[in-house]
Amino acid sequence: MGQTPTREILWNISHSWIMYLVLIGALAAAVAFFVHRWRLWSIGQPEDRRGPWRQRLGGALRDAVLQRRVARRSGAGAVHVVLYGTMIVMLVATALIALQVDGGVPLVRGDAYLYFFSLAVDLAGAAFCIALAVCIVRRAVRPDLDSTAADYAVLAGLLLIGLTGFVLEGLRIEATDDPWRAFSPVGNAFAALFGGLDLSQIKALHAGLWWFHMVLALGLIALLTATKLVHILLVPAAVYCRSLAPKGQLPFIDMEDENLLTLGAGHLEDLTWKDLFDTQACIRCNRCQEVCPAAATAKPLSPRRLMERLGDELEQRGPIVRRVQREAAAESPGEPPRPVFELLEEAPLSEAERAVIDRTLVGTVIEAEALWSCTTCGACMEVCPAFLEHTPKIVKMRTYQVSMESAFPRELQSVFRHLETNGNPWGLGWQTRQKWAEGLEVPTLAEHPSAEYLYWPGCSGAFDSRNRKVSRALVQLLKKAGVDFAILGNEEKCCGDAARRAGNEMAYFMLAAENIATLDAYGVKKIIVQCPHCAQALERDYPQMGGHFEVIHHSVLLVRLVDEGRLTAAASGAGGRATFHDSCYLGRYQDVYDAPRAVARAAGASLVEMERCRENSFCCGAGGGRMWMEESASRINDERARQALACDPETVLTSCPFCLTMLSDGIVPYDENMPVKDIAEVLAEVQSDGQ
């Protein structure tokens, strides 16, 4: 043709400068809404989530910008990635066109015009509209998503922007008889709709629709931070401000702090600013609820609804607290801020405001039964695309209930008392802790203080009759491999994990302090555990109190000993068909997935995976203190037992004493002859057969 491919920018549009005035107003409205949100978050307790900025920025780029966690899930995740990617393409194109219009940089011409501004943007727009239509239909057919009118309005508004964009493109193509129309296949298809109109009609329709399209787009910008679209900003910020602490580590409470006024979270302002931020960064995608074992077994707990209700409480309580804090600061400038609860008690509030302020989180935001249904398995946090922190909020509320209100399930009363008096949740005499090792000739650290490893069987391994067999099997393996180890014997106390996650920080603090003092007195450096809950406490929680130890789960050590030839490996498949259950605290919290499977294979097992395994494993139901609590509705361990038996195994394998107990109990009603064993037991059987 001999001419450079391009098109007239802002064809048929006059007074386009008005658009910039509307844009400024839209941005001002968005900023105003955002400032309102920021003020609400600021009523929370301070928490430093700033550094290290390089690590945080890398995580935000990887998991928010590149959508890594979103893309894990097929279906809705894939649709969101398409929606996100196509929106970026169109935003980049719009920005570059503005650069040409206002900066005079010739960009929309030549091959760039044909292949990017025409073809790529056209196809991206089509994919954008299709993805939005899928999202609308999905919400319509999924009542569990609890979609609101605002949700549909936002999606419909975006879809309307996309469709009117194609209509505008079609009108321009038809009016100008664009020679490059083939590079805009969707727009060209729309152009065929207007072949019967004359030029004046096309121009009039185009101009009116252009301003409608522009006002609609700028209107959504104005409402950006007032609707769920705010997640475009908040999710990257939430990922940037994610916790960098070791997985599962809870915020430390110094029980010796004389200035400590309250424990846990009884009211909204007891939570941190990040906790409050999370409630509004939640996009209600329902992923957390879909993987929650409590929700799956008809318990009243829903991680998503927890976030929603905290957000609703923030909208009602936040402005009152913020106003009272601001008035108090104005009355006493330069003085240290007083505790919020004191300010609220003295503030002259209306009857309606006082009713809001007198509410507590438990009973208003979350039912007591829902609060205690959580197993602290971390599944909700593992799948959340915004890296929201559901479990710590629940534990904070539990801590308040236990420590400040003495309100907790009756079953925990005896557990807490037993921990305080005998150092174990069963209440068995502390002086009998070492009986499990009778006849094994296992030295104590008092007898062998130079041992390379301390073996820590934990309360289950020492007192539970079923798990004592695991302890004895593991000792046999360690002795055969020539591992230099000893035990604390009767000096060992419960690690305190269950007490802490059940909200009893005082019991945890006392147990941890005593254990750390004992371990430090012996100069312990390396600890072998078979319980992931003990590993979590000893390795992740104790450093907060000055206890620093190298903790090795028995699966990791055993596979190493097999690889070194110090333990015998069986022929592949000799152990029969087995399925392995991932412990939440070993897998999801400590990222140990391959080691226990390697031990099982070394024992000759032919492994078949459950549908929910590894990162997506289904909880056994015992975490968070639930080992000692009764369940309402269907039982979590029964559901996991059904999932295990669906694999048609000959043996079910575990690597956690809690999981061993829960799965053993859960499987009996379905198949009382199905063996459930710890990986140490099946590996020990191989050693016996080989001797």
Side-chain angles (χ1 to χ4, degrees), residues 248 250 291-297 299 301 369 371-380 391 394-395 398 408-409 411-412 414-416 418-419 424-426 457-468 470-471 494-504 508 529-537 553 580-590 592 596 610 612-613 617-644 652-669 676-679:
L250 296 172
V291 299
C292 176
T297 51
K299 309 297 190 301
L301 175 63
E369 185 181 356
L371 179 72
W372 294 103
S373 294
C374 179
T375 66
T376 67
C377 69
C380 52
T391 305
I394 289 175
V395 174
R398 286 181 172 183
F408 47 86
E411 305 98 311
L412 291 179
S414 59
V415 172
F416 292 157
H418 294 330
L419 287 171
N424 69 81
W426 285 279
C459 296
S460 292
F463 291 108
D464 179 69
S465 59
R466 176 64 187 88
N467 278 287
R468 281 181 172 183
V470 179
S471 302
C494 178
C495 67
D497 168 83
R500 192 178 197 196
R501 280 156 179 78
N504 195 332
Y508 162 74
V529 299
Q530 67 210 50
C531 177
H533 297 262
C534 293
Q536 183 70 23
H553 187 258
F580 174 73
H581 163 77
D582 287 286
S583 158
C584 301
Y585 274 62
L586 181 63
R588 201 172 290 122
Y589 278 13
Q590 299 186 45
V592 177
M610 296 184 225
R612 291 194 59 172
C613 62
S617 181
F618 193 85
C619 183
C620 75
R626 289 222 52 90
M627 178 76 173
W628 295 275
M629 287 185 260
E630 293 298 325
E631 280 193 66
S632 62
S634 58
R635 299 175 65 86
I636 294 174
N637 62 327
D638 288 351
E639 175 59 28
R640 187 53 167 170
R642 285 192 289 269
Q643 295 172 14
V652 176
L653 299 177
T654 70
S655 58
C656 167
F658 286 4
C659 296
L660 180 60
T661 297
M662 298 300 280
L663 286 180
S664 297
D665 292 346
I667 282 177
V668 167
V676 182
K677 299 182 179 182
D678 186 272
I679 54 173

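- Aromatic ring orientation, W426 versus W628: perpendicular (interplanar angle above 60°, classes split at 30° and 60°).
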Take F416 and F408, measure what ring-ring contact (aromatic ring centres under 6.0 Å, His included) needs, and give me the verdict at the end. CA-CA 11 Å; F416 292 157; F408 47 86; 5.2 Å; yes
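- Closest of all the heavy-atom pairs between G624 and T376 is N-OG1, 3.2 Å.
- Not counting sequence neighbours, the partners of C620 by the side chain to side chain contact (heavy atoms under 4.5 Å, CB included) test are H581, A622, C659, M662.
- Evaluation of the side chain to side chain contact (heavy atoms under 4.5 Å, CB included) rule for C619 yields P293, T375, C377, C584 as partners, not counting sequence neighbours.
- Considering only residues two or more places apart in sequence or on other chains, S634 meets the side chain to side chain contact (heavy atoms under 4.5 Å, CB included) condition with T297.
- At distances below 3.5 Å, not a single donor-acceptor pair connects side-chain atoms of Q643 with backbone N or O atoms of M610.
- In the model, R640 has a side-chain atom that pairs as donor or acceptor with a side-chain atom of S617 under 3.5 Å.
- Remark: the backbone N or O of F658 is not paired with any side-chain donor or acceptor of H533 at under 3.5 angstrom.
- Take S664 and apply the side chain to side chain contact (heavy atoms under 4.5 Å, CB included) test, not counting sequence neighbours, and it matches L660, V676.
- Once rounded to the nearest 0.5 Å, the distance linking OG of S373 with CD1 of I636 reads 7.5 Å.
- Distance check: D582 CG to R588 CZ gives 8.5 Å after rounding to the nearest 0.5 Å.
- A donor-acceptor contact shorter than 3.5 Å is absent between the side chain of R635 and the backbone of G621.
- Atom-to-atom distance recorded for T661:OG1 and N637:CG is 10.0 Å, nearest 0.5 angstrom.
- Not counting sequence neighbours, F463 has no partner by the ring-ring contact (aromatic ring centres under 6.0 Å, His included) test.
- Proximity of R398 to R500: side-chain heavy atoms (C-beta onward) are nowhere separated by under 4.5 Å.
- Residues passing the ring-ring contact (aromatic ring centres under 6.0 Å, His included) test with F618, sequence neighbours excluded: none.
- In this structure, NE2 in H418 is found 12.0 Å from SG in C459, a value given to the nearest 0.5 Å.
- Salt bridge absent: E631 and R626 never bring a charged side-chain N and a carboxylate O closer than 4.0 Å.
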